[in-house]
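Here is the naming used below: chain letters follow the sequence lines, and residue numbers restart at 1 for every chain.
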Number of protein chains: 4
Amino acid sequence: MSAVAPGLKPRKSPVQARSAAAVEALRVAAIQVLTQEGLSCCTTTRIAERAGVSVGSLYQYFPNRDALLAAVLEKHLDGIAGVVDHACHAHRGKPVSQMAAALVTAFLAAKLRDPEESKALYAIAGERGGAELVARMRIRIVAAITAMLASAPDAHFDDPAMTGAVAFSALAGSVRTLLEGQAPGGFEARLEGQLILLMTAYLETHRRPASPRREAP
Amino acid sequence: MSAVAPGLKPRKSPVQARSAAAVEALRVAAIQVLTQEGLSCCTTTRIAERAGVSVGSLYQYFPNRDALLAAVLEKHLDGIAGVVDHACHAHRGKPVSQMAAALVTAFLAAKLRDPEESKALYAIAGERGGAELVARMRIRIVAAITAMLASAPDAHFDDPAMTGAVAFSALAGSVRTLLEGQAPGGFEARLEGQLILLMTAYLETHRRPASPRREAP
Amino acid sequence: MSAVAPGLKPRKSPVQARSAAAVEALRVAAIQVLTQEGLSCCTTTRIAERAGVSVGSLYQYFPNRDALLAAVLEKHLDGIAGVVDHACHAHRGKPVSQMAAALVTAFLAAKLRDPEESKALYAIAGERGGAELVARMRIRIVAAITAMLASAPDAHFDDPAMTGAVAFSALAGSVRTLLEGQAPGGFEARLEGQLILLMTAYLETHRRPASPRREAP
Amino acid sequence: MSAVAPGLKPRKSPVQARSAAAVEALRVAAIQVLTQEGLSCCTTTRIAERAGVSVGSLYQYFPNRDALLAAVLEKHLDGIAGVVDHACHAHRGKPVSQMAAALVTAFLAAKLRDPEESKALYAIAGERGGAELVARMRIRIVAAITAMLASAPDAHFDDPAMTGAVAFSALAGSVRTLLEGQAPGGFEARLEGQLILLMTAYLETHRRPASPRREAP
DNA sequence: AATGAATGAGAGTTCATTCAT
DNA sequence: GATGAATGAACTCTCATTCAT
């Protein structure tokens with residue numbers, strides 16, 4: 001229906017732009033409501049209200065409430081996965097100690113950027129549909145870690161996928177504990193150091209005994 | 001835990017016995033419903049139905065739905081905490097490697113004894129009230145670990161509470177991931193070994209450099 | 001269980017005595033609960049509890065909740081009616097001014113002896129069954145008043161029943177207002193005087209102009 | 001009350017009109033249910049059903065059941081108070097006998113316009129919240145009566161507020177009795193005359209002894 | 001497209017009443 | 001008889017979803 005801007009890249013039509021804006025507003029509103037009022041107050045009406053659109057419109061963009069919440073969760077998880085992905089790519093071929101530090105740092109940075117949001121989304125992650133998204137994201141991240149580990153020059157992992165999975169689980173679990181429980185004072189501050197320590201110790205368990213270069217058959 | 005002296009007192013009046021049976025039936029039913037139908041289907045009606053009692057009876061034993069779910073969660077957490085507590089006590093003064101193995105083994109044994117139950121209860125843990133119970137249990141377990149660590153003859157922890165907290169978080173988080181996501185094949189089987197490896201590596205990070213007795217300045 | 005005093009009047013059997021005690025306890029308990037916790041808290045369980053008997057027993061003495069409440073109301077109304085009845089009998093043949101004063105005084109004394117109770121019972125009076133009891137009591141009292149009025153030496157009432165009904169309505173209504181609304185300060189204190197004034201004025205409206213015997217045309 | 005100028009503005013937006021219609025339908029339905037089935041059958045479901053709207057809609061207009069009933073009562077009481085208020089204003093400065101007649105006539109006319117409604121609302125008046133509304137209305141009416149009495153040229157009231165309160169209580173109480181009890185035949189018909197008699201007698205009790213004009217000190 | 005009033009199934013909870021003990 | 005746990009219909013209220021405007 002809209003006349004596309006003459007020439008360059010196909011922009012979103014005005015209609016689509018409006019849609020996109022509304023969708024984004026709903027996403028942000030959902031997080032705010034979730035954060036400030038809790039899951040049980042996170043009704044479609046409240047979200048729409050906060051987003052400044054009508055409930056009717058909400059249902060134009062999402063088939064139902066769960067789809068909206070899933071979308072919110074998915075975007076969040078995508079962000080996390082992207083950051084970790086990137087860090088893993090960037091540290092291929094580096095020594096495992098650097099890998100460990102990079103992994104921890106990247107994940108913490110991503111997850112703690114908006115702690116309230118991260119915390120609130122755990123509530124969604126447990127709901128129908130959430131588990132699957134989390135599983136997908138986990139697979140993606142573990143794959144990235146696995147690939148990184150496999151490229152380590154100073155270590156050999158018999159089963160890098162397993163090691164990666166355990167490493168990520170430990171990391172994600174620790175952060176979850178931090179966010180969910182009111183962590184004891186100073187916990188947050190020193191968590192990063194401790195996690196790097198933990199991660200490094202775990203990965204270096206697999207360190208290659210001697211100069212690996214030449215003799216790999 | 002104690003074997004009752006054979007043949008003696010009936011221990012509970014018939015009335016209490018019926019009550020206890022109903023309460024237990026409700027507890028089990030709640031876990032079943034949670035497991036098989038999810039948190040949002042876990043209504044008082046459904047639980048009572050499954051337990052074979054009427055809703056009215058449910059409310060005779062629990063003041064409201066949340067109290068029932070909290071009771072279920074609390075019993076579960078108490079079981080876990082008891083096992084870990086016990087293991088920590090039993091390994092005071094042992095080398096850290098044994099501590100690590102014992103901690104991992106005890107926690108896994110407790111948490112994976114009924115995986116469905118454990119999994120289902122994560123859903124409750126996020127609800128209002130659940131978080132507090134989890135926090136309490138965490139504090140109790142971390143305290144036990146901390147005390148154990150502080151007694152290690154072959155390591156010195158500057159901040160055993162921090163180390164204990166991180167160790168537990170990593171452990172609990174890994175198991176959660178295992179239970180929540182459909183873990184990749186074989187994950188469960190080798191998880192215990194990997195977690196022992198992880199835990200040991202982390203704790204031995206703090207190993208006392210040499211024979212500690214004589215040369216401490 | 002007790003040995004009945006040998007000989008004289010047929011006492012209630014022990015069983016009946018127990019029943020009577022329980023019934024009375026329930027009656028009193030109902031009033032207390034009604035007074036202290038309100039009609040919506042006036043459940044059979046609560047009443048039985050307060051009376052120190054079991055719900056089961058309550059249902060041995062009363063076929064259902066409404067019957068219990070009706071019994072409570074009935075006894076209350078009987079008390080009131082009795083007092084007024086008595087006063088009316090005692091003032092037959094007296095001047096109307098004395099009748100007015102006696103009526104007001106008797107009714108107020110009866111109704112305000114336990115204001116809380118009186119007030120609480122208005123709640124029952126509106127429920128199914130209550131209205132009928134109230135109507136019956138009204139009829140009884142109005143009859144007594146009517147008879148008294150008809151005997152007045154210094155007045156003549158064309159329709160003493162009508163006059164009696166209006167007089168009683170006004171009286172009962174005023175007291176109800178006093179009890180229900182938080183009456184303005186001092187209202188209670190001077191109500192009696194004002195009501196006597198009102199009643200006297202109303203009844204003296206019908207005063208026989210002169211020596212009544214002879215000259216009635 | 002005013003005839004809307006023909007053909008002009010729709011006065012209410014369609015939305016508001018629908019709302020208003022629903023609210024009014026609920027009000028009427030509540031009175032009908034109360035009248036025909038009693039307070040204990042006056043449930044939100046039943047009211048909504050009778051009003052031809054869904055329960056959900058009921059809760060869109062009233063925060064809860066009590067609020068709906070209170071609204072119904074309030075409107076009724078406002079109507080009564082308005083009529084009495086008006087009559088009192090209109091009879092300031094008139095002789096007390098006219099005041100008495102006007103007060104009785106106005107109140108009866110208002111209260112007996114829809115006797116079923118009036119009767120049904122007594123049930124609400126006793127519930128939590130109802131008492132307060134009744135008290136407020138009472139205060140308003142008594143104030144109006146008091147002001148009227150104070151303006152009487154042919155009587156002097158030492159405490160017009162007290163006299164007003166008693167007068168109103170007697171009046172309201174009599175009517176209540178009429179409506180609640182199945183009044184004896186003909187009662188209603190002659191009640192007005194009797195109440196005027198009663199009221200007049202009571203008020204004239206305070207008649208100023210002699211020609212008041214000149215000698216007011 | 002956008003709106004938000006209307007819907008009604010279904011949730012949690014209560015309580016008069018019964019009946020096995 | 002007395003008991004009080006068990007019952008379940010019925011109540012109030014919520015909220016995801018629809019659809020006339």
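Two residues are said to be in side-chain contact when any heavy atoms from C-beta on lie closer than 4.5 Å; C:His76 and C:Ser118 meet this criterion. Using a 4.5 Å cut-off on side-chain heavy atoms (C-beta onward), C:Tyr59 and C:Thr44 make contact. Looking only at side-chain heavy atoms (C-beta outward), A:Val23 and A:Phe62 come within less than 4.5 Å of each other. At a threshold of 4.5 Å between non-hydrogen side-chain atoms, the residues B:Glu117 and B:Gln32 do not count as touching. Counting heavy atoms from C-beta on, the side chains of C:Glu127 and C:Leu73 never come closer than 4.5 Å. Counting heavy atoms from C-beta outward, C:Met137 and C:Glu132 have side chains that stay 4.5 Å or more apart.
Each of D:Pro63 and C:Ser57 has a nearest nucleotide on DNA chain F; the 5'-most of these lies closest to C:Ser57. Nearer to the 5' terminus of DNA chain E, by closest-nucleotide assignment, is the contact made by D:Gly56 (compared with the other of B:Thr43 and D:Gly56).
Rounded to whole Å, atom C1' of F:dC11 lies 13 Å from atom CG of D:Leu39. Atom-to-atom, CD of D:Gln60 to P of E:dG8 comes out at 13 Å; the value is rounded to the nearest Å. Between the CG atom of C:Leu26 and the C1' atom of F:dA2 there is a distance of 13 Å, given to the nearest Å. At whole-Å resolution of the value, CZ in B:Arg65 and P in E:dT13 are 8 Å apart. In this structure, B:Tyr59 places its OH atom 17 Å from P of F:dT12, rounding to the nearest Å. Atom C1' of nucleotide F:dT3 and atom OH of C:Tyr61 are separated by 12 Å, given to the nearest angstrom. Between the P atom of F:dT14 and the CD atom of A:Glu37 lies a distance of 15 Å, rounded to the nearest Å. Between the CG atom of C:Leu58 and the C1' atom of F:dG1 there is a distance of 15 Å, given to the nearest Å.
For B:Ser57 (side chain) and B:Val53 (main-chain N/O), no donor-acceptor pair under 3.5 Å exists by modelled atom type.
Using a 4.0 Å cut-off on heavy atoms, none of the residues of residues 45-52 of chain B approach DNA chain E.
Consecutive pairing runs in DNA chain F reach the stem threshold at E:2-21 with F:2-21, where a stem means at least three Watson-Crick or G-U wobble pairs with distances under 3.5 Å.
Residue C:Ser40 is in sugar-phosphate contact alone, with no base atom involved, counting any heavy-atom pair closer than 4.0 Å across all strands shown.
Side-chain nitrogen and oxygen atoms of B:Thr44 include at least one within less than 4.0 Å of the OP1 or OP2 phosphate oxygen of E:dG12.
Atom CD1 of C:Ile47 sits about 10.0 Å away from atom CD of C:Glu37, to the nearest 0.5 Å. Remark: A:Leu121 CG to A:Thr35 OG1 distance equals 7.5 Å, nearest 0.5 Å.
In this structure, of F:dT17, F:dA9, E:dG12, it is F:dT17 that holds the atom nearest to the side chain of A:Asn64. Taking the side chain of B:Ser54 as heavy atoms from C-beta on, and the options F:dG8, F:dC15, F:dC11, the nearest nucleotide is F:dG8. Taking the side chain of A:Val55 as heavy atoms from C-beta on, and the options F:dT17, E:dT3, E:dT7, the nearest nucleotide is F:dT17.
Side-chain atoms of C:Arg50 and C:Gln36 form a donor-acceptor pair, as typed in the model, at a separation below 3.5 Å.
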